[in-house]
Structure formats: structure tokens, C-alpha cells
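First listed ligand is number 1; within each ligand, the first listed atom is number 1. Computation of the quantities below employed the complete heavy-atom set of this structure, encompassing side-chain atoms and omitting hydrogens, waters and symmetry-equivalent molecules. Note that the structure is predicted; figures quoted are calculated from it, not measured.
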Amino acid sequence: MIKTKISLQTKTQSFTHYDAIKHQYRGNIIDKPIALILILILLPCFLLNITLAITTRRNLFSKKYKTDALSRKVTLHRFSCGLWVKTAVLFDICLGKISFCGIPLTHRLSPDMQFYVLNQIKCKTGIFSLYDLHLKTGITVMTPEQLLEQQLNGNLANYLALMSKSFISIIIYGQKIKRLKESKYLSLFGLDVKNTSMAEAVEWITCSDIPKSKTKIGFFINAHSINLSISNPTFFNQLTKADALFADGSGMRLAAKKAGFLLNGNNNGTDMLPHLCKKCVESSQSLFFFGAKPGIADQAANELSAQFPGLNIAGTEHGYRGTESTQKIITTINKSDCDILLIAMGSPIQEQWLLEHRDQLRCKTALAVGGLFDFYSGSISRSPMWLREIGMEWIWRLMQEPREKFNRYVIGNPLFLYRTFLLGSVNTGVK
Ligand code: UDP
């Protein structure tokens with residue numbers, strides 16, 4: 001087994017001597033024992049499915065033909081009737097036709113990448129992949145190639161971790177993504193939510209041919225904002241006045257799923273900021289950071305300027321000056337001639353502030369972004385990727401600020417789920 005790191009970024013240099021090396025994707029060795037254990041655990045279910053098939057005179061299995069990211073044809077087995085019919089794929093894994101984790105079935109790599117991977121890396125198709133995991137949770141921080149590269153470079157522990165995360169994500173989000181409807185706008189809890197991918201959201205924020213006096217406003221709504229909007233009708237009305245509401249977090253993903261829709265992306269401000277900065281550099285647009293404790297917005301601006309050369313942060317202002325300084329702050333923002341204003345004072349203060357003062361603002365777009373500057377200044381650390389991959393970033397935030405976030409998460413999350421799944425408020429908008 002050759003343990004050289006796989007790099008899909010430098011693939012073209014390796015084309016000429018591809019047959020000299022063949023990387024082995026580690027992890028596949030545990031496929032068969034794990035599949036056997038699962039078959040033993042699921043034996044009662046399998047016996048039921050077999051009995052049902054015999055008594056109804058049906059074939060035991062049906063076949064599903066699929067094509068993986070490398071354009072390879074794969075045949076997957078399912079029970080033709082009974083419970084958990086897809087678990088018959090465990091037999092395919094036992095026979096070595098497919099892996100638990102491997103090349104994804106959900107998208108196609110570009111032809112040159114397919115050629116490279118096929119000839120350089122020994123890897124079967126997988127029912128799970130890092131790409132699928134990110135697709136399911138709506139994380140859009142890495143390209144499909146980067147995800148594949150990271151997955152293929154993983155060791156046995158990473159393989160097991162990917163399997164576990166994929167199982168958990170199936171339990172949380174279910175498997176039937178394809179049956180969900182796609183729509184540009186969703187009505188969730190009585191609010192019109194823009195169903196954009198991260199790229200489309202950034203495009204909306206940065207693309208504006210209207211004058212700066214007609215500032216368009218975008219809010220990110222999550223389980224917490226929905227709970228607030230239900231207990232506070234004024235806040236609900238304020239949310240309806242935004243030009244765009246972006247769905248943020250796994251709670252909104254679950255709510256959209258309950259309403260029968262697929263969310264195109266997890267449009268949270270924290271993941272979006274690097275994409276936004278990149279776009280601002282490309283299109284020569286400037287940002288203004290307003291909010292958070294003294295010094296935090298400055299620090300975030302310095303960090304981002306170092307990370308994105310050419311980024312123009314036209315000014316910063318902290319969020320604890322009090323209402324008497326509001327006019328002064330508006331003058332500072334307008335004098336900076338910024339294109340995009342990011343305001344980080346937490347919900348509902350930030351949304352209220354923006355709507356109250358939108359007519360006085362002179363910038364193309366203004367967004368309410370919560371604790372964004374705390375993350376980018378480094379004063380609060382972002383949750384590890386494995387927690388984000390299973391949609392549980394809130395656990396990290398709760399651990400960091402247990403007192404401040406207790407109500408929001410420990411009380412708020414179960415309440416949100418109760419409203420979504422038991423009260424059915426998600427479809428009707430009933431409060
Ligand atoms: N904040 C502020 N002024 C205030 C109250 C809060 O600038 O009067 C800041 C606070 O320092 C923090 C942010 O607003 O940086 C709120 O973060 P929170 O965690 O509530 O936001 P989330 O991302 O969860 O919406």
C-alpha cells in the first residue's frame with residue numbers, strides 16, 4: 001500500500017506516469033466485517049423481508065442501476081418488499097462490489113479528474129462520502145474535489161468517523177433528499193425564505209444596480225429567530241419587511257424538509273463571509289463592520305484583510321455605544337461610502353436597528369449577522385468540522401457560553417422541534 005498523499009490539485013502533472021503509482025484508499029478493509037455484523041443485527045428484519053417476498057411470490061431482491069462520480073456503473077440490491085429495503089446493499093458490500101465509504105454516487109467529476117482518479121487511486125464506489133455528507137448538511141466551504149481529496153487521504157480512524165457521521169446524518173436528515181421539492185422561495189413559519197445556494201446568496205448581496213439610498217436588507221433566520229418571531233409578533237413583522245431571508249442552520253433544514261422542500265444551502269453568515277470577501281475583492285466593493293464588543297470588529301477586519309489581500313473594509317464601529325450615538329454611527333457608515341454593511345448585535349436588536357434606520361443608510365446592502373465578528377476576530381472559536389458536518393454546531397456554542405446560550409439552545413431547540421414536528425407550524429405559519 002502506497003501512503004503518499006493524494007493531491008487532486010496537481011493532477012495534471014501526474015498524467016504522464018499515472019500507471020507507475022496506484023494509491024489505495026484506506027479503510028475498505030473493515031467493510032466486510034462491519035457489513036457482516038450489521039447483517040447479523042438486522043437478521044430478523046431480513047427474515048421478515050424474505051418471508052414477505054416468498055409469500056407474495058415476488059423476487060427476493062430488486063436491482064438499482066447507478067453511475068458513480070467516475071462514470072462507473074454500479075448495481076445496488078434492495079429487498080423487493082418489507083422493512084428497510086435498502087439495507088440489502090450490505091450484501092453488495094460483503095461481496096466487495098461497493099464500499100461503505102468511497103467514490104460518491106451523487107455527482108459526476110469533470111472528465112479530466114475522472115481520468116486522474118481512475119488511474120491513480122484504487123477506490124470503489126461508496127454509499128457514503130464526504131461530499132454526500134456536506135451535501136446533506138448544506139455545508140459549502142469546500143469544492144467536491146477538495147472533499148474527495150480529503151476523504152481519500154484519510155486513515156482508518158477517518159474512515160470510521162465518516163461512516164459514523166453518515167449514519168448520524170441519515171438518522172437526523174433522512175435519506176429521501178431526491179423526493180423533496182425544489183423551489184426558489186419557501187414559506188416556512190409564515191415567512192418567505194429565499195432558497196439559495198451559497199453562491200446565489202453572495203450574488204444577491206453583491207449584485208445591485210439600485211442607488212445606495214435604497215439599501216436592500218437581508219436577514220439570516222435560524223431556529224432561534226423563528227422562536228423569537230413566534231413569541232414576539234413585532235419581530236415577526238420586522239422579519240417580513242426584509243428583502244431577503246436566508247435559511248441558516250440545521251433547524252431550518254429540518255423545517256424545510258418537514259414542509260417537503262430541499263434547502264439548497266446552509267446560508268449561515270459565518271460560512272458565507274469568506275465567499276463574500278472574495279467576491280468583494282473581485283468586484284471592488286467595500287464592507288463596513290458594525291457591532292460586537294469594542295475592538296472585536298477591528299480585529300475581525302484585520303484578520304480578514306490579511307486573509308484576502310485587496311479587501312476594502314471601509315470602517316468599523318462597536319455595538320455598545322447606546323442609542324444616543326446612533327446618528328453619529330449612521331454618519332460614520334455613510335461617510336465611509338461602503339457598499340455592504342454587516343451589523344452584528346444579535347437578534348432582535350440588529351434587525352430592529354436596520355429596519356428603523358434603513359432610509360438613512362447609504363449603502364447597497366445591509367445584513368444582520370449575529371456573532372460573526374466574534375468568530376472572525378478569534379475571540380470565540382468555531383466548532384470543529386465534525387460537529388458542523390452532523391448539524392450540531394450549536395452544542396459547541398452552548399459549551400462556550402453555557403449561561404448566555406442556555407435558553408436559546410436547551411429550551412429553544414426542543415421548542416423549535418415541537419413547533420415543527422408536532423404543532424405543524426412550519427407549513428401553516430400558525431403561531
Ligand atoms: N452585541 C452588540 N451590542 C449589543 C448586544 C450584543 O454588539 O447591544 C453583539 C455581541 O457582542 C455579539 C453579537 O452582538 O457579538 C451577538 O451574538 P449572538 O451570539 O447573539 O449572535 P448569533 O450569531 O447567535 O445570532
Any N or O of G371 that comes nearer than 3.5 Å to an N or O of ligand 1?
-> yes
Find all atoms of ligand 1 within a distance of less than 4.0 Å from any non-hydrogen atom belonging to K293, and give their numbers and elements.
-> 11 (O)
If the plane angle is over 60° it's perpendicular, under 30° parallel, otherwise tilted; pick one for W204 and F246.
-> perpendicular
With atoms numbered from 1 as shown, which atoms in ligand 1 lie under 4.0 angstrom from a non-hydrogen atom of D374?
-> 12 (C), 15 (O)
Would you please say whether a donor-acceptor pair under 3.5 Å links the side chains of S99 and N28?
-> yes
Given that the side chain starts at C-beta and the backbone is N, CA, C, O, which of these parts of H224 lies under 4.0 Å from ligand 1, counting heavy atoms, or is it both or neither?
-> neither
Would you mind checking if R358 and D243 are paired as a salt bridge, meaning a charged N to carboxylate O distance below 4.0 Å?
-> yes
Taking distance alone, with no angle check, do S347 and ligand 1 share an N/O pair under 3.5 Å?
-> no
Test of proximity, E401 against ligand 1: N or O pairs below 3.5 Å = no
Heteroatom distance test (A344, ligand 1): nitrogen or oxygen, under 3.5 angstrom = yes
Do any nitrogen or oxygen atoms of Q350 lie less than 3.5 angstrom from nitrogen or oxygen atoms of ligand 1?
-> no
Which residue supplies the protein heavy atom nearest to atom 24 (O) of ligand 1, what is that atom called, and how far is it?
-> R408 NH1, 2.3 Å
For ligand 1, is there an atom lying under 4.0 Å from some heavy atom of K405?
-> yes
Check: S305/N302 side-chain N/O donor and acceptor closer than 3.5 Å = no
Mind running side chain to side chain contact (heavy atoms under 4.5 Å, CB included) on L254 and F421 for me, showing each step along the way?
-> CA-CA 9 Å; L254 285 175; F421 292 101; 4.2 Å; yes
Side chain, backbone, both or neither: which part of Y320 has a heavy atom under 4.0 Å from ligand 1?
-> side chain
Please determine if Y409 has a nitrogen or oxygen closer than 3.5 Å to a nitrogen or oxygen of ligand 1.
-> no
Please determine if G319 has a nitrogen or oxygen closer than 3.5 Å to a nitrogen or oxygen of ligand 1.
-> yes
Under 3.5 Å between some N or O of ligand 1 and some N or O of G291?
-> no
Determine, stepwise, if the pair Y159 / F100 fulfils ring pair (Phe, Tyr, Trp, His ring centres under 6.0 Å).
-> CA-CA 9 Å; Y159 190 91; F100 276 109; 7.7 Å; no
State plainly whether the residues D31 and K97 are in salt-bridge range, i.e. N to O under 4.0 Å.
-> no
Polar side chain donor-acceptor pair, S166 to D132, under 3.5 angstrom | no
When you check the gap from the basic side-chain N to the acidic O, do E393 and R382 get nearer than 4.0 Å?
-> yes
Classify the contact between R397 and ligand 1 as side chain, backbone, both or neither, using a heavy-atom distance cut-off of under 4.0 Å.
-> side chain
N/O of N222 under 3.5 Å from N/O of ligand 1, yes or no?
-> no
Can you find a heavy atom in the side chain of R397 that is under 4.5 Å from one in the side chain of S383?
-> no
Just checking, is any N or O donor in the side chain of T206 or Q285 under 3.5 Å from an acceptor N or O on the other one?
-> no
Ion pair present between R362 and D337, side-chain N to carboxylate O less than 4.0 angstrom?
-> no
Any non-hydrogen atom of H318 lying under 4.0 Å from ligand 1?
-> no
Which option out of G370, G269, G249, A292 puts a heavy atom nearest to atom 13 (C) of ligand 1?
-> G370
For atom 16 (C) of ligand 1, which of A300, G346, S377 has the closest heavy atom?
-> G346
